[in-house]
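All remarks here apply to the structure that follows.
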Amino acid sequence: MWILNWLPDFVFHLILIAGVLAILAGWALRMVPVVARYSLPIQVAGVLLTVLGVWYEGGIAKDAEWKARVAELETQVAQAEAKSAKVNTQIVTKVVTKTQVIRQKGDDVVRYIDREITKYDAECKIPQVAIRAHDASALNKSIEEVILTPASVINTTDHNALTTPKAKKSWRDFTPK
């Protein structure tokens with residue numbers, strides 16, 4: 001109801017009051033013989049003004065109800081934002097500490113690889129130490145936490161079997177014979 005925002009509320013109160021007064025005036029003018037013929041149009045106008053006034057009074061009441069609800073929700077949003085700010089600071093501190101731990105573990109793995117790989121540079125083989133360092137970095141653990149198991153070492157024949165390309169099938173292979 002755009003008109004509620006355009007006109008002040010007292011205008012609608014006056015419309016309601018004018019409508020009720022017009023109904024009463026039409027009833028009272030029936031008793032006066034000179035203006036008795038104008039009583040019916042006055043009463044009809046009074047009924048229309050009363051209906052219009054009641055309609056807008058309901059709109060004003062509903063508008064006030066919505067404004068109160070909006071104010072209530074705005075306070076809830078403000079409270080939620082305050083709680084969110086507290087939780088965000090906790091999350092940021094956790095992320096910073098995790099990032100520091102990850103960097104520290106990564107630096108430890110790099111130093112470990114640099115120290116151990118120089119021993120095996122001339123042989124050109126992948127040593128168990130490198131496999132252990134790789135597994136530790138992949139699991140995001142320290143090198144001391146990773147234990148090499150036979151499952152963590154891939155057999156080269158199994159690896160080669162996995163890399164061979166599979167035979168391509170034609171669409172004719174899928175048609176019924």
Side-chain angles (χ1 to χ4, degrees), residues 1-113 133-146 151-152 162 166 168-176:
M1 296 175 86
W2 61 271
I3 200 161
L4 291 178
N5 297 328
W6 188 59
L7 291 174
D9 290 346
F10 75 88
V11 172
F12 304 111
H13 301 309
L14 290 176
I15 289 173
L16 180 63
I17 291 170
V20 171
L21 289 178
I23 291 172
L24 293 175
W27 178 71
L29 288 177
R30 240 188 248 169
M31 296 176 202
V32 178
V34 177
V35 285
R37 63 180 167 175
Y38 299 115
S39 68
L40 184 63
I42 291 174
Q43 280 184 332
V44 169
V47 168
L48 291 177
L49 285 176
T50 303
V51 168
L52 186 68
V54 168
W55 175 273
Y56 281 115
E57 288 291 331
I60 290 169
K62 196 61 164 172
D63 192 43
E65 181 182 326
W66 276 107
K67 285 180 183 178
R69 189 167 181 193
V70 165
E72 177 186 334
L73 291 176
E74 284 176 349
T75 58
Q76 288 178 357
V77 166
Q79 291 171 352
E81 285 176 351
K83 287 180 185 177
S84 172
K86 289 179 184 177
V87 172
N88 282 344
T89 56
Q90 292 173 353
I91 290 172
V92 166
T93 56
K94 285 181 182 179
V95 167
V96 167
T97 56
K98 280 190 174 190
T99 305
Q100 290 173 350
V101 167
I102 290 171
R103 280 192 190 132
Q104 182 181 4
K105 286 182 181 180
D107 291 343
D108 291 345
V109 169
V110 168
R111 282 193 299 263
Y112 180 75
I113 290 174
H134 176 268
D135 290 348
S137 64
L139 296 172
N140 196 20
K141 294 183 178 179
S142 66
I143 295 170
E144 292 80 25
E145 294 177 21
V146 175
S152 65
L162 290 173
K166 295 189 170 91
K168 293 184 179 180
K169 292 186 177 183
S170 171
W171 63 273
R172 293 183 183 102
D173 295 336
F174 297 102
T175 59

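Predicted model, so just to flag it, every value in this text is computed and none were measured. For the numbers below, each heavy atom of this structure counts, side chains included, while hydrogens, waters and symmetry mates do not.
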Side chains of Thr50 and Leu16 in contact at under 4.5 Å (non-hydrogen atoms): yes
Inter-residue atom distance Thr93.OG1 - Lys98.NZ, 0.5 Å rounding: 11.5 Å
Distance-minimising heavy-atom pair for Ala22 and Gly46: CB-CA, 3.4 Å
Salt bridge (charged side-chain N to carboxylate O under 4.0 Å, His left out) between Arg111 and Asp108, intermediate numbers included: CA-CA 5 Å; Arg111 282 193 299 263; Asp108 291 345; 2.3 Å; yes
Student check: side-chain heavy atoms of Phe12 and Ile60 closer than 4.5 Å: yes
Interatomic spacing from CG in Leu14 to CG in Leu21 - rounded to 0.5 Å: 10.5 Å
Would you mind writing out the side-chain donor-acceptor pairs for residues 74-86 within the sub-3.5 Å range, not counting sequence neighbours?
residue, atom, partner, partner atom, Å
Thr75, OG1, Glu72, O, 2.5

Nearest-0.5 Å distance that lies between atom CD1 in Ile102 and atom CD in Gln104: 11.5 Å
Ile23 CD1 to Leu48 CG distance, which is reported to the nearest 0.5 Å: 9.0 Å
Minimum heavy-atom distance between Ser39 and Gly26, given as atom pair plus value: CB-O, 3.1 Å
Steps toward salt bridge (charged side-chain N to carboxylate O under 4.0 Å, His left out) verdict (Asp63, Lys67): CA-CA 6 Å; Asp63 192 43; Lys67 285 180 183 178; 3.4 Å; yes
Euclidean distance, Leu52 CG relative to Glu57 CD, rounded to 0.5 Å: 10.5 Å
Residue of the set Val20, Val54, Leu49 for which side-chain contact (heavy atoms from CB on, under 4.5 Å) holds with Ile15: Leu49
Distance (rounded to the nearest 0.5 Å) between Trp66 CH2 and Leu73 CG: 9.0 Å
